[in-house]
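Quantities reported herein were computed from a predicted structural model and do not represent experimental measurements. Along the sequence shown, residues are numbered consecutively beginning with 1.
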Amino acid sequence: MTHELTPSTSAIFIGQETSRDKGNKAYVQGIPTYDEAALLAALTVLEGPASGDGSQPAPLPGLFADPAALAAAGPAELENLLTDADWTSFVSARDLLPLRARLTALERDHGLTSAHRLATNRIRVRGTMLSRPYGHRSEITALALSPSGTHLVTGDWGEGESGTAQVWEVATGRCVNVLKWIDGGVGWDGYARTMQWSSDGLHLGMAFRTNAIGVWDPFGESSEPRAEAQVTNGASRPPAWALHPDGRSAFVETGNKDSVGVHGCLAPLEHGKLFWLAEEAEMPHEYILAKGPIPASVQDCGEELWVDWSPVWSPDGSRLYVANRSEAFVVDVATGAPLWCTRVDWLAEWSPDGRYLAHVHRGRLHFRDAATGRPAADPAPTAGSRWNFSLHWGMRGDTARLAAVLSEKAAEPGVEVYGDGRLSHRLAVTPAETALARENKDFAVWAWAPSGDRGAVLTAAGDIEVWSLGDSEPRRLHKLAAPAGTQGVLWGADDVIVAVGEKVLRFLRADNGETVGDYTFLRDADAELPLHGDYVYDHFDGRILALDDHTWCLPVEPDMAIAPPERRADVEAHLAWIVDRRFAWPLHWGRFDIWPDAQTAVANLRTTSPDTGELRQAVRETAG
């Protein structure tokens with residue numbers, strides 16, 4: 001570990017809590033930077049599987065290319081470097097992001113070069129697939145941003161008996177994975193946090209099949225969960241639950257035989273299926289929170305502490321933070337004992353560092369120490385109610401910052417910004433209606449920048465305002481164009497803001513408003529499909545996409561699409577080659593053919609695949 005950038009520094013791995021400034025400094029100095037998830041994934045790949053006979057793992061492979069040379073090379077030097085590189089040592093989790101960043105900068109300064117073509121050919125030989133951005137078959141009901149901000153997952157109920165989860169790379173605005181046929185659909189309308197990431201971003205928890213909880217590999221292929229738990233009494237809604245930071249277990253609210261104490265169990269989610277009624281289990285039980293006398297300091301909240309809304313874990317996984325419509329309390333997981341409790345009026349949120357609770361009670365905004373429950377700052381008067389008020393925590397270094405949003409329904413709309421419980425700014429803006437007044441509770445009208453020095457707010461006018469919230473007076477920096485139907489805003493990695501609604505998703509650069517990706521779901525084009533009959537529905541279902549209300553595009557693996565050739569820019573704005581179901585690679589860096597119809601496409605086939613075989617058969621039968 002290093003705290004300084006030195007001439008010998010060849011690469012940096014930046015944790016999610018490290019400031020954005022350090023990453024920018026490394027980038028400026030030409031040092032490749034990676035996130036935590038990339039480090040963990042790279043180590044897994046590099047260490048390799050155990051031999052099984054007690055011997056040591058195989059030696060670590062060398063670097064694919066010298067990072068410093070890669071960062072500094074011009075067009076000709078970069079082509080030579082990539083030609084001589086050891087591509088057998090290329091590890092996408094370690095090497096793809098800095099290579100893509102270098103090629104992006106090269107294109108900006110010199111246009112497309114032979115280095116782009118060479119790198120694309122090398123990466124495609126290693127295995128890629130075309131992205132499938134339109135996997136959703138019904139409105140988005142759930143979403144979650146990964147802890148590092150690099151990936152967004154969206155989920156739907158689907159049609160009939162199954163739903164879909166789509167994973168998006170935020171920096172590129174491209175769909176990198178689709179988990180189809182999720183039993184019973186994902187999430188539930190009106191319930192928040194039905195999709196949750198582990199702290200390392202390598203495990204994805206989802207509420208599905210009404211009241212089951214499961215864990216998936218977000219970058220895997222299987223629609224089946226690695227493990228699942230269905231431990232409620234069969235309620236017709238998702239339970240309150242929280243995925244453990246390590247992604248290998250979850251707290252699930254249950255009905256218990258003993259009415260005293262906190263109701264819930266710690267369900268293991270390593271593998272397999274757990275299906276039982278916690279309320280019928282004999283106590284004590286290894287999964288169910290232990291029961292004991294309620295401390296006197298907690299008894300004001302009653303002897304039954306129900307978990308009605310999704311709790312959160314403390315960062316170290318030792319405590320559960322619970323906030324309901326009437327009370328907030330902290331549970332010591334090892335003993336099952338509530339440590340303290342306080343009354344709240346619907347609105348309560350825990351800071352991401354686990355240090356504070358912010359809540360509203362009797363018309364005042366309170367800040368409490370999460371360890372003790374004692375006041376951390378003087379209460380502040382507020383005119384907000386659950387229908388026009390929302391609370392949003394962020395971090396600026398070690399300082400927890402709260403944005404208290406008064407929506408357009410409030411008597412005095414605006415955003416109040418608090419640092420460690422003290423009011424620092426009030427923004428003159430009219431925010432859109434808050435989540436509690438809408439059906440989908442995952443859509444928030446405020447988002448903090450990962451650095452905590454800026455914020456984005458969805459306004460009542462339907463645009464997104466970006467504000468500077470550094471040490472000086474707050475400044476409105478600019479407005480971003482949100483698509484019609486936007487209900488929430490997120491701020492991910494690489495300074496990309498995401499506007500999201502039930503049928504829309506738009507990725508925007510925070511600094512200049514450039515659109516990185518733009519999608520409208522459940523849209524049909526009023527034109528004839530490129531293919532007809534069973535060939536579309538049996539083989540290309542979920543992949544054909546509408547470029548607009550009048551134009552279809554049919555992607556065909558591995559390197560072509562059927563669409564109007566003059567719409568190439570629109571095709572490339574929707575699609576990409578996907579590496580390891582995690583990273584996107586631009587189509588225009590390689591050869592990607594676009595043909596006006598299926599017959600022309602078949603006549604010009606360069607490669608073979610199951611897709612091209614189906615296409616050839618469709619054309620043959622249509623002609624004959």
Side-chain angles (χ1 to χ4, degrees), residues 2 4-14 20-35 38-39 41-43 45-46 59-128 150 169 171-172 174 493-496 509 511-512 514 516 558-559 568-569 572 576-580 582-592:
T2 181
E4 297 180 355
L5 303 181
T6 68
S8 62
T9 303
S10 59
I12 291 177
F13 292 89
I14 300 181
R20 183 172 59 90
D21 295 336
K22 188 169 185 177
N24 283 345
K25 182 178 179 182
Y27 181 80
V28 169
Q29 294 187 8
I31 301 172
T33 60
Y34 313 82
D35 64 10
L39 172 61
L43 289 176
V45 174
L46 290 172
L60 301 181
L63 290 174
F64 128 86
D66 178 59
L70 182 70
E77 294 87 351
L78 184 57
E79 182 180 4
N80 292 334
L81 178 64
L82 296 178
T83 299
D84 297 336
D86 179 12
W87 286 90
T88 62
S89 298
F90 185 89
V91 178
S92 60
R94 178 192 66 189
D95 300 321
L96 188 141
L97 293 181
L99 176 59
R100 191 177 69 187
R102 182 69 194 97
L103 290 171
T104 299
L106 187 69
E107 181 182 13
R108 183 183 61 243
D109 296 337
H110 300 279
L112 284 179
T113 70
S114 53
H116 292 89
R117 306 294 186 193
L118 191 157
T120 300
N121 291 338
R122 292 287 192 175
I123 284 177
R124 292 210 51 235
V125 166
R126 298 175 56 83
T128 60
T150 56
E169 186 184 32
T172 60
R174 297 294 186 271
D494 293 272
D495 231 18
V496 172
R509 297 204 183 281
D511 56 351
N512 59 19
E514 175 191 352
V516 179
D559 50 19
R568 173 174 289 274
E572 293 175 347
W577 282 303
I578 302 305
V579 181
D580 292 346
R582 183 175 172 183
F583 306 107
W585 192 263
L587 292 182
H588 70 279
W589 286 357
R591 179 175 175 181
F592 188 82

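Remark: the backbone N or O of F90 is paired with a side-chain donor or acceptor of R126 at under 3.5 angstrom. Although no hydrogens or angles enter the test, the distance criterion places a donor-acceptor pair under 3.5 Å between the side chain of R102 and the main chain of A73. A donor-acceptor pair under 3.5 Å is formed between the side chain of E169 and the backbone N or O of A584. Not one N or O on the side chain of W589 forms a donor-acceptor pair closer than 3.5 Å with the backbone of T104. Checked by atom type and distance alone, the side chain of R174 never pairs as donor or acceptor with a backbone atom of I578 at under 3.5 Å. In this structure, D580 contributes its side chain and R582 its backbone to no donor-acceptor pair below 3.5 Å. Side-chain atoms of R117 come within 3.5 Å of backbone atoms of G590 as a donor-acceptor pair (strictly under, hydrogens ignored). Panel note: side chain W585, backbone R100; no donor-acceptor pair is recorded below 3.5 Å.
Taking the side chain as every heavy atom from C-beta outward, L112 and E107 approach each other to under 4.5 Å. Annotation: side chain of P75 is in contact with side chain of L106 (closest heavy-atom distance under 4.5 Å). In this structure, L99 and I123 have side chains that are in contact, with non-hydrogen atoms separated by less than 4.5 Å. Using a 4.5 Å cut-off on side-chain heavy atoms (C-beta onward), L118 and E79 make contact. Between W577 and D559 there is a side-chain heavy-atom pair separated by less than 4.5 Å. Residues L78 and L70 form a side-chain contact, since some pair of their non-hydrogen atoms from C-beta on lies under 4.5 Å apart.
One finds the CZ atom of R568 at 11.0 Å from the NE2 atom of H588 (value rounded to the nearest 0.5 Å). Taking OG1 from T113 and CG from L103, the interatomic distance works out to 7.0 Å, rounded to the nearest 0.5 Å. Expressed to the nearest 0.5 Å, how far CZ of R591 lies from CZ of R124 amounts to 11.0 Å. With rounding to the nearest 0.5 Å, the separation of CG in L587 from OG1 in T128 is 9.5 Å.
Residues R509 and V496 come closest through the heavy atom pair NH1-CG2, 4.0 Å. In terms of heavy atoms, T83 sits closest to R122 at O-NH2, 4.1 Å. In this structure, A85 and F64 approach most closely via the heavy-atom pair CB-O, 3.4 Å.
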Using the rule given for side chain to side chain contact (heavy atoms under 4.5 Å, CB included), can you reason through T172 versus F583, listing the C-alpha separation, both sets of side-chain angles and the distance that settles it, and then say yes or no? CA-CA 9 Å; T172 60; F583 306 107; over 6 Å; no
